[in-house]
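Report on the following structure.
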Amino acid sequence: MKPDSHQLPGNAIDAQSSQSPERVAELIHHVAQKDRQAFALLYKATAPKLLGTVLRILRDRAWADDVIQDTYLKIWQRAEQYQDGKSSPITWLISIARNSAIDELRKHPAGRTTNSDELDEMPGRQSTAQEQLEDQRAANKLNHCIDQLEKDRQDMVRLAYLNGWSREDLASQFEQPVNTVKTWLHRALKQIKRCLES
């Protein structure tokens with residue numbers, strides 16, 4: 001059922017005001033009532049920002065687009081959990097997008113699997129079953145060791161060493177000075193090395 005237009009005052013507003021915190025919060029509250037018109041407006045107002053966040057983590061546009069679809073499904077399902085005053089509405093939305101992207105990265109630490117057509121075009125020697133098994137064991141052990149780190153450090157290590165993020169990118173993402181990021185990564189690597197040698 002199409003929602004009545006009077007549910008959303010000021011539909012003919014410019015793009016700038018549709019992105020104001022008050023307007024975004026208002027749209028989230030309407031989405032919590034399963035208002036599809038509000039959902040479409042929320043998507044239009046916030047998708048570019050959320051896509052930017054996801055793209056910085058995954059570095060792959062097609063993958064990021066898929067994660068954004070999943071993110072907005074979660075927003076539709078969880079909109080009633082948003083609380084005014086606890087965090088800004090855009091911060092709440094970005095945290096859902098960021099967590100979705102990082103979950104994807106955990107599932108596919110080396111990037112998303114290529115499809116069979118792409119594999120057919122890839123040159124080079126096929127590795128033996130033994131080599132593949134050893135590679136998988138090494139990857140499993142590495143992931144196990146990364147999982148022993150604190151949550152933020154896990155994410156930071158994966159973004160830095162599996163996705164090639166710069167120290168500056170990480171500092172911005174985790175809202176920490178660059179020197180702090182360097183220290184955290186240095187300590188995390190030492191911890192991973194000890195774990196791999198054990």
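Index from 1, following the sequence.
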Next on the checklist: To the nearest 0.5 Å, what is the distance between CD1 on Ile28 and CD1 on Ile75?
Outcome noted: 7.5 Å
Checklist entry - Is there a chain of hydrophobic side chains (I, L, V, M, F, W, Y, each step under 4.5 Å between heavy atoms) that links Leu73 to Val54? => result no
Checklist entry - If you take all heavy atoms of Ser87 and Trp92, which pair is closest and at what distance? => result OG-CB, 3.7 Å
Next on the checklist: How long is the straight-line distance from CD of Gln148 back to CD1 of Ile192, given to the nearest 0.5 Å?
Outcome noted: 10.0 Å
Item to check | Side-chain ion pair, Lys107 and Asp103, N-O less than 4.0 Å | outcome: no
Checklist entry - Would Lys34 count as a cation-pi partner of Trp76, with NZ or CZ less than 6.0 Å from the six-membered ring centre and within 45° of the ring normal? => result yes
Checklist entry - Quick one: are Asp169 and Arg56 in side-chain contact, heavy atoms under 4.5 Å? => result no
Item to check | Aromatic plane relationship, Phe39 with Tyr72 - under 30° parallel, 30 to 60° tilted, over 60° perpendicular | outcome: perpendicular
Checklist entry - Quick one: do Arg106 and Asp155 make a salt bridge, cutoff under 4.0 Å? => result yes
Next on the checklist: Could you measure the distance from the CE atom of Met156 to the CZ atom of Arg167? Nearest 0.5 Å is fine.
Outcome noted: 9.5 Å
Checklist outcome for this item: In terms of heavy-atom contacts, Ala171 and Pro177 come closest through CB-C, 4.2 Å
Checklist entry - Which atoms form the tightest heavy-atom contact between Ala62 and Asp60, and what is the distance? => result N-OD1, 3.2 Å
Checklist entry - Within a radius of less than 6.0 Å around CD of Gln77, do more than 12 heavy atoms belonging to other residues, nucleotides or ligands occur? => result yes
Checklist entry - Taking it one step at a time, do His29 and Asp35 satisfy side chain to side chain donor-acceptor pair (under 3.5 Å)? => result CA-CA 9 Å; His29 289 310; Asp35 183 332; over 6 Å; no
Checklist entry - Does the side chain of Ile68 come within less than 4.5 Å of Tyr43's, by heavy atoms? => result yes
Item to check | Straight-line distance of Asp152 CG to Gln173 CD, nearest 0.5 Å | outcome: 10.0 Å
Checklist entry - Do you know the tightest heavy-atom contact between Tyr82 and Ser88? => result OH-C, 3.9 Å
Checklist entry - Quick one: does Thr46's side chain have a donor or acceptor within less than 3.5 Å of a partner on Leu42's backbone? => result yes
Item to check | CD (Glu80) with more than 12 external heavy atoms under 6.0 Å | outcome: no
Checklist entry - Are side-chain heavy atoms of Leu51 and Arg61 found at a separation under 4.5 Å? => result yes
Next on the checklist: I'd like to know whether Arg187 forms a side-chain contact (heavy atoms from CB on, under 4.5 Å) with Lys190, so could you lay out the CA-CA distance, the side-chain angles of the two residues, the decisive distance to 0.1 Å, and finally the verdict.
Outcome noted: CA-CA 5 Å; Arg187 287 178 185 160; Lys190 283 174 84 169; 5.7 Å; no
Checklist entry - Donor-acceptor pair, Gln154 side chain versus Leu149 backbone, under 3.5 Å? => result yes
Checklist entry - If you round to the nearest 0.5 Å, how far is CD1 of Ile102 from CZ of Arg158? => result 10.0 Å
Next on the checklist: Let's go through Glu26 and Arg23 carefully: what are the C-alpha distance in whole Å and the side-chain angles of both, what is the deciding distance for salt bridge (charged side-chain N to carboxylate O under 4.0 Å, His left out) to 0.1 Å, and is it a yes or a no?
Outcome noted: CA-CA 5 Å; Glu26 179 190 3; Arg23 179 62 172 161; 3.0 Å; yes
Item to check | From CZ (Arg78) to CG (Leu93), nearest 0.5 Å | outcome: 11.5 Å
Item to check | Over all atoms of both residues, closest heavy-atom pair of Val31 and Ala79 | outcome: CG1-CB, 3.7 Å
Item to check | Closest contact, heavy atoms only, Arg59 versus Trp165 | outcome: NH2-CD1, 3.3 Å
Next on the checklist: I'd like to know whether NZ of Lys44 has more than 12 heavy-atom contacts from other residues, nucleotides or ligands below 6.0 angstrom.
Outcome noted: no
Checklist entry - Looking only at atom types and distance, does a side-chain atom of Thr71 sit under 3.5 Å from a main-chain N or O of Val67, one as donor and one as acceptor? => result yes
Next on the checklist: Between Phe174 and Leu55, is there shared hydrophobic-cluster membership here, with clusters defined by ILVMFWY side-chain heavy atoms closer than 4.5 Å?
Outcome noted: no
